[in-house]
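First up is the structure itself, then whatever we jot down about it.
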Amino acid sequence: MNFTEKITKIVTDAEMGLSGVFADFDRIAQENTARVIDSFRAHRVSEAMFAGSTGYGYGDTGREALDAIYADVFGAEAAFVRHNIVNGTQALSIGLFGLLRPGDVMLSISGAPYDTLAEVIGDKYRNGDGSLADFGVQYDEVELTPDGKFDLPIIYEKIAKYGDNLKVVFIQRSKGYQNRPTFAPQDFKEISDYVHSHSKAYVVVDNCYGEFCDTSEPTSFGADMIIGSLIKNPGGGIAETGGYIAGTKRAVELASYRLTTVGIGTECGCTLGEMRKMFKGFFMAPHVVAQAKKTAALAAYVFAELGYDVEPSYFDARHDIIQTVKLYDADKLCAFCRGIQMGSPVDSYVTPEPWDMPGYEDKVIMAAGTFTAGSSIEISADGPLRYPFTAYFQGGLTYESGKYAIMTAADEILSL
């Protein structure tokens, strides 16, 4: 494409101004890569582990090694990662149903979770479809403060109110479709310490979009369980499906009984032909996440220069791969997504349109010209058609391709 002179100049200036920011992303990627390689070496990863298994999958050394590697790298006591977890929402469901029992309370302290969890929880009411509410689990939530922090006085009050019935304190690390900052791993320490000293609850973190953005994960700061999807950060753009759960030994064990069945847990589960991609994706993930962060920082710079509100700003620390751009206009949101689609390597000729996506309250427009359907780490943009018409942009397997997509999105908006 022939980009406008205005966009070309903004991008040139951006790359000069972002050199120090990009260098910091590379430093984080280097440290995370070292941890991954050290763990691969410690667990003696070999070609034989990539063969996979069939049937029950007993004695699958590749599966066992990858579980241990996830635990090592994420600072957890245990973990499991499986190709047959279909998305992040299912992984979260496995974790929540594994920990919660009739009469227990789940308390979300980062406001309402991502839209797709509403029916899993039961949206505070029984829905008859097998939600947590149907099984007698009570749900409550605490909104964040206006500046996006934990509302500690209210949280402490709720913890005291529910006492021993409180079983899960749930936190969504990333912003989802909210307009607030993403939490850094160290943000979980104070609240985790308090929860553990004043209740018997597990601290459960939806870690989607956050893996490898820092040199540690929430499990290093007291979280009992972190949960994520392989077609986001930890799959490195190579794993084509799957999810993981990591955390304390007991929490992961209980989740594993929901994954398979009580008494079996992680001891079986065939891996078919997926292991090579899952190992390779995790190996690539620190580098790919750095590429996505560079793309997001470029987007922040470009769209701020064009007069839009962005979060985070290009010079802020990044604790996930998501970049928001408030466009304040439905047509501009659609144009942004069209531009991302046009700048993608797959289905670039397709025009995204808003639709009633299952699990969401509003119509949603999504652009995703990806090799793996729905892979957020590749390059994608989406947003609900509700004010302030915010575009949620994420991914970029390579900075160069991400840069191209950002330029096409900017050009598309300018053409309105």
Side-chain angles (χ1 to χ4, degrees), residues 36 39-101 120 130 132 135 167-168 202 204-208 211 217 219 223-232 234-236 238-283 285 372:
V36 171
S39 187
F40 272 48
R41 293 171 60 223
H43 293 285
R44 302 173 68 87
V45 173
S46 66
E47 173 76 20
M49 292 179 176
F50 305 152
S53 56
T54 59
Y56 297 125
Y58 288 123
D60 189 318
T61 58
R63 184 193 68 224
E64 293 168 358
L66 191 59
D67 286 352
I69 287 167
Y70 264 70
D72 279 357
V73 174
F74 287 165
E77 294 176 358
F80 61 79
V81 51
R82 296 292 183 273
H83 74 276
N84 55 334
I85 296 176
V86 302
N87 55 25
T89 301
Q90 187 197 1
L92 288 163
S93 298
I94 290 168
L96 293 173
F97 275 96
L99 299 178
L100 291 158
R101 304 288 181 268
V120 174
L132 289 166
F135 285 92
K167 185 61 68 68
V168 165
Y202 296 96
V204 177
V205 177
D206 176 352
N207 205 36
C208 286
E211 299 91 349
E217 301 296 333
T219 32
D224 297 286
M225 183 181 285
I226 59 173
I227 303 171
S229 164
L230 299 198
I231 61 171
K232 296 182 176 67
I238 295 174
E240 295 178 327
T241 185
Y244 76 89
I245 291 179
T248 62
K249 183 177 180 181
R250 181 57 174 163
V252 171
E253 179 182 39
L254 290 171
S256 77
Y257 293 157
R258 180 72 185 187
L259 172 73
T260 57
T261 187
V262 178
I264 293 178
T266 60
E267 293 180 14
C268 72
C270 65
T271 54
L272 302 176
E274 298 299 317
M275 292 309 297
R276 187 184 304 273
K277 287 177 284 190
M278 292 163 71
F279 272 102
K280 191 174 184 180
F282 198 63
F283 170 76
T372 296

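Computation of the quantities below employed the complete heavy-atom set of this structure, encompassing side-chain atoms and omitting hydrogens, waters and symmetry-equivalent molecules.
Here CG of Leu96 is found 10.0 Å from CZ of Arg258. Values are rounded to the nearest 0.5 Å. Rounding to the nearest 0.5 angstrom, the gap separating the NZ atom in Lys249 from the CG atom in Leu254 is 12.0 Å. The CD atom of Glu77 sits 9.0 Å away from the CG atom of Asp224 when rounded to the nearest 0.5 Å. Atoms CD and CG, on Glu274 and Asn84 in that order, are 9.5 Å from each other to the nearest 0.5 Å. Note: Leu66 CG to Phe279 CZ = 4.5 Å, rounded to the nearest 0.5 Å. Separation of atoms OH (Tyr202) and CG (Leu100) is listed at 10.0 Å; rounding is to 0.5 Å.
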Check the pair Val120, Phe97 against side chain to side chain contact (heavy atoms under 4.5 Å, CB included), reporting the backbone distance first and the verdict last.
CA-CA 9 Å; Val120 174; Phe97 275 96; 4.0 Å; yes

Glu211 vs Val73, side chain to side chain contact (heavy atoms under 4.5 Å, CB included): CA-CA, chis, key distance, verdict:
CA-CA 10 Å; Glu211 299 91 349; Val73 174; over 6 Å; no

If you apply the rule side chain to side chain contact (heavy atoms under 4.5 Å, CB included), what do you find for Val81 with Phe282, and how did you get there?
CA-CA 11 Å; Val81 51; Phe282 198 63; over 6 Å; no

Output, in order, the C-alpha distance, side-chain angles, deciding distance and verdict of side chain to side chain contact (heavy atoms under 4.5 Å, CB included) for Asn207 and Phe74.
CA-CA 11 Å; Asn207 205 36; Phe74 287 165; 5.6 Å; no

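Checked against side-chain hydrogen bond (donor to acceptor under 3.5 Å, both in side chains), Glu240 has the following partners two or more places apart in sequence or in another chain: Lys277. Scanning for salt bridge (Lys or Arg N to Asp or Glu O under 4.0 Å) contacts around Asp206 gives an empty result, with sequence neighbours left out. By the side-chain hydrogen bond (donor to acceptor under 3.5 Å, both in side chains) test, Arg250 is found to be paired with Glu253, residues two or more places apart in sequence or in another chain being considered. With sequence neighbours excluded, the residues satisfying side-chain hydrogen bond (donor to acceptor under 3.5 Å, both in side chains) with Arg82 are Asp67.
What you find for Met225 and Ala255 is that their closest heavy atoms are CE-CB, 3.9 Å. Heavy atoms only, all atoms of each residue included: Ala79 and Ala71 are closest at CB-N, 3.7 Å. Heavy atoms only, all atoms of each residue included: Lys232 and Cys208 are closest at CD-CB, 3.9 Å. The two residues Pro234 and Leu230 have their closest heavy-atom pair at CG-CD2, 4.0 Å. Considering all non-hydrogen atoms of both residues, Ala76 and Ala246 come closest at CB-CB, 4.0 Å. Here the closest non-hydrogen pair linking Ala223 and Val205 is CB-CG2, 3.8 Å.
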Distance-only donor-acceptor hits, side chain of residues 47-58, under 3.5 Å, sequence neighbours excluded:
| from | atom 1 | to | atom 2 | distance (Å) |
| --- | --- | --- | --- | --- |
| Glu47 | OE2 | Arg276 | NH2 | 2.9 |
| Ser53 | OG | Asp60 | OD2 | 2.5 |
| Ser53 | OG | Thr271 | N | 3.3 |

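Within the 4.5 Å cutoff, the side chain of Leu259 has heavy atoms near those of the Ile85 side chain. With a 4.5 Å cut-off on side-chain heavy atoms, Tyr70 and Ile245 do not count as touching. For the pair Phe80/Thr260, no side-chain contact is recorded, criterion being any heavy-atom separation below 4.5 Å from C-beta on. At a threshold of 4.5 Å between non-hydrogen side-chain atoms, the residues Ser229 and Asn87 do not count as touching.
The stretch residues 257-278 participates, sequence neighbours left out, in no ring pair (Phe, Tyr, Trp, His ring centres under 6.0 Å) pair at all.
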